[in-house]
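Residue numbers start from 1 in every chain, and the chains themselves are labelled A, B, ... in the order their sequence lines are given, proteins ahead of strands.
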There are 2 protein chains.
Amino acid sequence: MIGTVASRRHAIADDLRTQITAGRIQPGERLPSEAQLACHYEVSTPTLRNALALLQAEGLVEKIHGKSNYARQPLSRTTYVGGGRTPAQTPLPVSIRTTKLRARGHLAALLGVTSGSPATEFLCVSHAGKSPHSLARVYVPRDLAPATAPDAPSWPQETASLLGGPRPQLAKVEENVHVRLPTASEAATLRISSTLAILAITRVATDITGRVIEAALLALPGDRAEAIFTTDHTTTERRPEG
Amino acid sequence: MIGTVASRRHAIADDLRTQITAGRIQPGERLPSEAQLACHYEVSTPTLRNALALLQAEGLVEKIHGKSNYARQPLSRTTYVGGGRTPAQTPLPVSIRTTKLRARGHLAALLGVTSGSPATEFLCVSHAGKSPHSLARVYVPRDLAPATAPDAPSWPQETASLLGGPRPQLAKVEENVHVRLPTASEAATLRISSTLAILAITRVATDITGRVIEAALLALPGDRAEAIFTTDHTTTERRPEG
DNA sequence: CAGTGGTCTAGACCACGAA
DNA sequence: TCGTGGTCTAGACCACTGT
């Protein structure tokens, strides 16, 4: 069935997709208005909007209410390096907001502390150009956080941590990777469609004693990020079970 | 703005989502027809279908053309264990189809062989109950494949490989994780909506000499799978760079 | 065949952004 | 205010699944 026109909206989406990926429509370029596009493709507005919704879910089109639709780079991929290793590439600029809070529920479980324990949250938003790229919420037990710089507007140390920089005493890093749709606030912060799935990574780093040094919730928009994990079996020598 | 009714379709989706997750609509249960639902919520058919589309993208509803819409378990999560380690849980039953082919283009690059080199493909579909769960395409250089069982309809060895079973001489496993929408054939094979994002893992395993033993393309539907990666820094001793 | 979902229309009306 | 996208309608017609 591939090659056949499944539906009008798919045909339109295919056409626009080709134009964007081929560069005939430049990244960042404004698309014609939906009324014009609907007229051009000889379909009704809902049908045309349906086609744009497909491209939006792929991250190829950014819709801005009241303005217009814009093409976006299908490239600009960032690679998250797992395992607490330092990434080879230079990390993107990151803006950080620090909040003191008390760990409860899910967060307390992640940090392995009792509910109500003080912790510090670092809300990190990395930027690619002028638009937000990815989001990280890093949680550190309060007594470990102030050692470097608790309220600093920008914390270079944390930037490294966001992208996997090692910390002293780091013994184990466990990373849980899953796919989900962004929450409403995540979609707003990242300026993405709520239908564009994200790569969600929950990272828990523990020291030699088993204490959790850091827990991080990363939200990487699926169209612009990937993660890579490398396991070396020559040094670990494979310990079947403990 | 959360708590406000953003739109009719979101309100309807919220209502149905609650009913499904709360168990008032049982997993596998048939929903009322779209006409009945539209009448019940006092909206037009397109609006109601729009609401169902939201739930479909979350994997909560399965639409079957000509029959009806069905609720699905939001549970039944499978955990993929990275790093070539053996998973703790019993793997799902897997059906395998073996194909001999020649590696070209992307596949040849993955396997690190010249274009046209013989290889064997194992198309593995794991099943949860009677419905397909996840998909793996495992590629092995032809001279390594027949050692065990080239044309066997079911190859237990490969089952282990699919979920991370180790192989002799395995030295390094590199896993690239990203999010994307399924291709048309993947969506058909997995019986999922083409709007339900999947966790795509490209796994390349090499032996001590650096030769690629196996390359695998895994497609794990985002609503029912997650991946976990554990890095032990006490044994690897952290080599900053090579 | 009847019942159901899939697609599309033509147009109304609301909400947002920039002037 | 105007141009834009966002939502919704009422109904037509097609496609699939079962009897």
Side-chain angles (χ1 to χ4, degrees), chain A residues 1-2 4-16 25 28-57 60-72 130-131 184 187-188 191-196, chain B residues 1-2 4-16 25 28-57 60-72 130-131 184 187-188 191-196:
Chain A
M1 288 297 171
I2 308 292
T4 317
V5 177
S7 58
R8 295 229 187 199
R9 61 165 188 272
H10 284 114
I12 296 171
D14 289 347
D15 185 54
L16 288 172
I25 298 179
E29 189 178 332
R30 172 184 179 157
L31 300 181
S33 77
E34 300 188 346
Q36 288 175 321
L37 286 173
C39 181
H40 174 261
Y41 289 110
E42 297 180 324
V43 293
S44 65
T45 1
T47 300
L48 182 108
R49 286 180 50 72
N50 222 320
L52 288 177
L54 295 175
L55 298 174
Q56 193 187 19
L60 277 177
V61 162
E62 180 179 5
K63 319 200 76 178
I64 302 183
H65 190 168
K67 290 183 72 176
S68 186
N69 300 305
Y70 295 86
R72 265 214 322 214
K130 57 178 284 189
S131 57
R191 300 225 306 150
I192 58 175
S193 153
S194 62
T195 59
L196 197 161
Chain B
M1 288 298 171
I2 309 293
T4 316
V5 177
S7 58
R8 295 226 187 203
R9 63 167 187 269
H10 283 113
I12 296 170
D14 289 347
D15 186 55
L16 287 172
I25 298 179
E29 188 178 332
R30 173 183 177 159
L31 299 182
S33 77
E34 299 188 347
Q36 288 176 320
L37 285 172
C39 181
H40 174 261
Y41 288 110
E42 297 180 321
V43 293
S44 65
T45 1
T47 301
L48 183 108
R49 287 180 49 73
N50 222 318
L52 288 177
L54 295 174
L55 298 173
Q56 193 188 19
L60 277 176
V61 162
E62 180 179 5
K63 318 201 78 178
I64 302 183
H65 191 168
K67 291 183 73 177
S68 186
N69 300 305
Y70 294 86
R72 262 211 327 212
K130 57 178 281 189
S131 58
R191 299 227 303 146
I192 59 175
S193 153
S194 62
T195 59
L196 197 160

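- Which of D:dT7, D:dC8, C:dG6 sits closest to the side chain of B:Ser44 comes down to D:dC8.
- Here A:Arg8 does not reach the OP1 or OP2 of C:dT7: none of its side-chain N or O atoms lies under 4.0 Å away.
- Listed by chain and residue number, nothing satisfies the side-chain hydrogen bond (donor to acceptor under 3.5 Å, both in side chains) test with B:Ser194 (two or more places apart in sequence, or in another chain).
- With sequence neighbours excluded, the residues forming a side-chain hydrogen bond (donor to acceptor under 3.5 Å, both in side chains) with B:Glu34 are B:Arg49, B:Lys63, B:Asn69, listed by chain and number.
- The shortest distance between side-chain heavy atoms of A:Ile64 and A:Tyr70 falls below 4.5 Å.
- Dashed line: the shortest gap from a side-chain N or O of B:Ser7 to OP1 or OP2 of D:dG6 is not under 4.0 Å.
- In terms of the side chain to side chain contact (heavy atoms under 4.5 Å, CB included) criterion, residue partners of A:Ser33 (sequence neighbours excluded) are, by chain and number, A:Ala35, A:Gln36.
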Could you go over nucleotides 11-19 of chain C and give all protein N or O partners under 3.5 Å, atom names and distances?
{"residue": "C:dA15", "atom": "N3", "partner": "A:His65", "partner atom": "NE2", "Å": "3.1"}

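- Atom OH in A:Tyr41 sits roughly 19 Å away from atom P in C:dT7 (whole-Å rounding).
- One atom, CG of A:Leu54, and another, C1' of C:dC8, lie 14 Å apart when rounded to the nearest Å.
- Side-chain N/O atoms of B:Asn69 include one lying less than 4.0 angstrom from OP1 or OP2 on C:dG5.
- In terms of the side chain to side chain contact (heavy atoms under 4.5 Å, CB included) criterion, residue partners of B:Leu54 (sequence neighbours excluded) are, by chain and number, B:Arg9, B:His10, B:Ala13.
- Between the P atom of C:dC8 and the CD atom of A:Glu42 lies a distance of 14 Å, rounded to the nearest Å.
- Within 4.0 Å of A:Gln56, counting heavy atoms only, lies no atom of the nucleic acid at all.
- If one axis is set at each end of the helix from C:dC1-D:dG18 to C:dA18-D:dT1 from five pairs, those axes are 20° apart, to 10°.
- When rounded to the nearest whole Å, the span between CD of B:Glu62 and C1' of D:dC16 equals 15 Å.
- Scanning all heavy atoms of the two residues, the minimum distance from B:Val61 to B:Leu31 falls at CG2-CD1, 4.2 Å.
- We find that CG of A:Asn50 is positioned 13 Å from C1' of D:dG6, with the value rounded to whole Å.
- Annotation: side chain of B:Gln56 is not in contact with side chain of B:Glu62 (no heavy-atom distance under 4.5 Å).
- If you check C:dT9, D:dT9, D:dG6 against the side chain of B:Val43, the one that comes closest is D:dT9.
- One interatomic measurement links the two molecules: CG of A:Leu48 to C1' of D:dG6, which rounds to 13 Å at whole-angstrom precision.
- In terms of phosphate contacts, B:Thr47 brings no side-chain nitrogen or oxygen within less than 4.0 Å of OP1 or OP2 of D:dT7.
- With sequence neighbours excluded, no residue forms a salt bridge (Lys or Arg N to Asp or Glu O under 4.0 Å) with B:Arg30.
- For A:Asp15, there are no salt bridge (Lys or Arg N to Asp or Glu O under 4.0 Å) partners, not counting sequence neighbours.
- A:Arg49 has a side-chain polar atom (N or O) that falls below the 4.0 Å cut-off from OP1 or OP2 of D:dG6.
- Atom C1' of nucleotide C:dT7 and atom CD1 of A:Ile12 are separated by 12 Å, given to the nearest angstrom.
- Summarising the geometry, the separation between NE2 on A:His10 and P on C:dT7 is reported as 7 Å, rounded to the nearest angstrom.
- Considering only residues two or more places apart in sequence or on other chains, A:Ser44 meets the side chain to side chain contact (heavy atoms under 4.5 Å, CB included) condition with A:Pro46, A:Thr47.
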